[in-house]
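Following: one structure in structure tokens, then a few remarks.
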2 protein chains.
Amino acid sequence: MTRGIPPGPPWLSKVLHGYGYRYTFPREAVLQALSDTREHLSAEDVYLIVHGRYPQIGLTTVYRALDLLVKIGVVVKFDFGDGRGRFELAFHPSAKGHHHHLVCTCCGRVVDYTDWLEKEKEFLQTTEKGLKQKYDFEITDHLIQFCGKCAECRNMTNKVKGGE
Amino acid sequence: MTRGIPPGPPWLSKVLHGYGYRYTFPREAVLQALSDTREHLSAEDVYLIVHGRYPQIGLTTVYRALDLLVKIGVVVKFDFGDGRGRFELAFHPSAKGHHHHLVCTCCGRVVDYTDWLEKEKEFLQTTEKGLKQKYDFEITDHLIQFCGKCAECRNMTNKVKGGE
DNA sequence: GGCTTTTTGAAAATAATTTTCACTATCATT
DNA sequence: AATGATAGTGAAAATTATTTTCAAAAAGCC
């Protein structure tokens, strides 16, 4: 049963074919779910959205689609330390371009920021060039993330013990 | 049964007591295991070492000890994307000071590097100060990691599909 | 030494993710 | 447009890392 493809330009089709993969309904649906939000969705979050819209799509398939989209560079996977992967479009349509994450170690809140990127770029260029030369790695990606306590959590006077 | 404490200066005792925790044999043994290597051990790796030396110590206890040591800042936990946490001493006795990781996305090899830290420091100062002001976070930590392909893996002419 | 509370350890439980396998859809070739 | 080889899907079972449970044991204050 051909089920029709969710709305949206099927550029994914070209990308998938370019890598020798097939363009399928669940893969497009997963991409759509990620396009529709600015949040950092877990695999299950994605499943809930996708399965809500197209109940025939199962959790396993969502996991596989996410893996594949990460592999071909369309989606990026993050780890915020809560034991599950978080997924985002690599190039998000809604303004959300290159950004990094600021995670509150206390409440888990995640802030996306896009500031001070010039300074970062400088740093990255120096470092990536150096790493390439010294360790002979072809650098494909970097992970920059800051952890701290948000204002709200700081006001709760929590000691180390017991914490959280 | 008091089992005696593994060799090594019991500075851990002071630190633990300072936070209101007790100084115990398994906690010291876990710390020793991490001190004795420069590798990035998983919880099970640590268990194998510790349990090999002191068979009465169980896996659960190792997990709990690692959690606690992370909480009090003696140990740092990393994630290299293979689904399990990796642990390192925060301040390693053997030269291994402040460093970052370069991970091969292909074979999983991890290189510790300590180069270009001046440039990094500059970048971190600017960014951390900015984040604090703009988002009112008290920055406590950062995570910087580069991914790429090591020379060996590049020579294997592996296409995306099939990969690994 | 006795007492209170924390820690331990084995086993069971949990949670995220992966594998299995029979069935179905995609798409290059008729 | 039909066919067929192959890749993809989905439900359930399996796996893996980690956490919880709970009774027994150890730590450290009196």
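Just so we're on the same page: letters track the sequence lines, and every chain starts at 1.
By the 4.5 Å side-chain criterion applied to Ile, Leu, Val, Met, Phe, Trp and Tyr, A/Leu124 is assigned to a cluster that also includes A/Leu102, A/Val111, A/Tyr113, A/Trp116, A/Phe123, A/Leu131, A/Tyr135, A/Phe137, A/Ile139, A/Ile144, A/Phe146, B/Leu102, B/Val111, B/Tyr113, B/Trp116, B/Phe123, B/Leu124, B/Leu131, B/Tyr135, B/Phe137, B/Ile139, B/Ile144, B/Phe146.
A distance-only check finds no donor-acceptor pair linking the side chain of A/Arg27 to the backbone of A/Ala65 [under 3.5 Å]. Under a 3.5 Å cut-off, the side chain of A/Thr61 and the backbone N or O of A/Ile57 do not form any donor-acceptor pair. Within the 3.5 Å criterion, the main-chain N or O of A/Asp112 finds no donor-acceptor partner in the side chain of A/His101.
For B/Lys119 and A/Glu122, the salt-bridge test passes: some basic side-chain N is under 4.0 Å from an acidic carboxylate O. The pair A/Asp141-B/Lys149 does not count as a salt bridge, with every side-chain nitrogen at least 4.0 angstrom from each carboxylate oxygen. Checked for salt-bridge contact, B/Asp136 and A/Arg154 meet the test: a charged N lies under 4.0 Å from a carboxylate O.
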Please tabulate the protein-to-nucleotide N/O contacts below 3.5 Å involving nucleotides 16-20 of chain D, giving atom names and distances.
from	atom 1	to	atom 2	distance (Å)
D/dT18	OP1	B/Gly85	N	2.9
D/dT18	OP2	B/Tyr63	OH	2.6
D/dT18	O5'	B/Tyr63	OH	3.4

Under 3.5 Å between N/O atoms: give me all the protein pairs with nucleotides 27-30 of chain C, atom names plus distance.
from	atom 1	to	atom 2	distance (Å)
C/dC27	OP1	A/His17	NE2	2.4
C/dC27	OP1	A/Tyr23	N	3.1

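When the C1' atoms of four end pairs are superposed on the next four at each end of the helix from C/dG1-D/dC30 to C/dT30-D/dA1, using five pairs per end, the two resulting axes differ in direction by 40°, to 10°.
The separation between A/Leu48 atom CG and C/dA16 atom P is 11 Å, rounded to whole Å. Nucleotide C/dT8 holds its C1' atom 14 Å from the NE2 atom of B/His51, rounded to whole Å. In this entry the distance linking CD of A/Glu28 with P of D/dG8 reads 16 Å, nearest Å. For the pair A/Leu66 CG and C/dA16 C1', the computed distance is 13 Å after rounding to whole Å. Across the protein-nucleic acid pair, A/Leu16 atom CG and C/dA25 atom P stand 18 Å apart, rounded to whole Å. Rounded to whole Å, the distance from CD1 on B/Ile72 to P on C/dT7 is 11 Å. Counting to the nearest Å, the P atom of C/dT24 and the CZ atom of A/Arg27 are 18 Å from each other. Between the CG atom of A/Leu68 and the C1' atom of D/dT9 there is a distance of 13 Å, given to the nearest Å.
Partners of A/His142 by ring-ring contact (aromatic ring centres under 6.0 Å, His included), not counting sequence neighbours, listed by chain and number: A/His98, A/His100. Scanning for side chain to side chain contact (heavy atoms under 4.5 Å, CB included) contacts around A/Arg86 gives A/His40, A/Ser42, A/Asp45, A/Phe78, A/Phe80, A/Asp82, A/Arg84, with sequence neighbours left out.
Side-chain contact between A/Pro26 and A/Val50 is absent, with no heavy atoms from C-beta onward closer than 4.5 Å.
Between B/Ile49 and B/Ala33, the shortest heavy-atom contact is CG2-CB, 3.8 Å.
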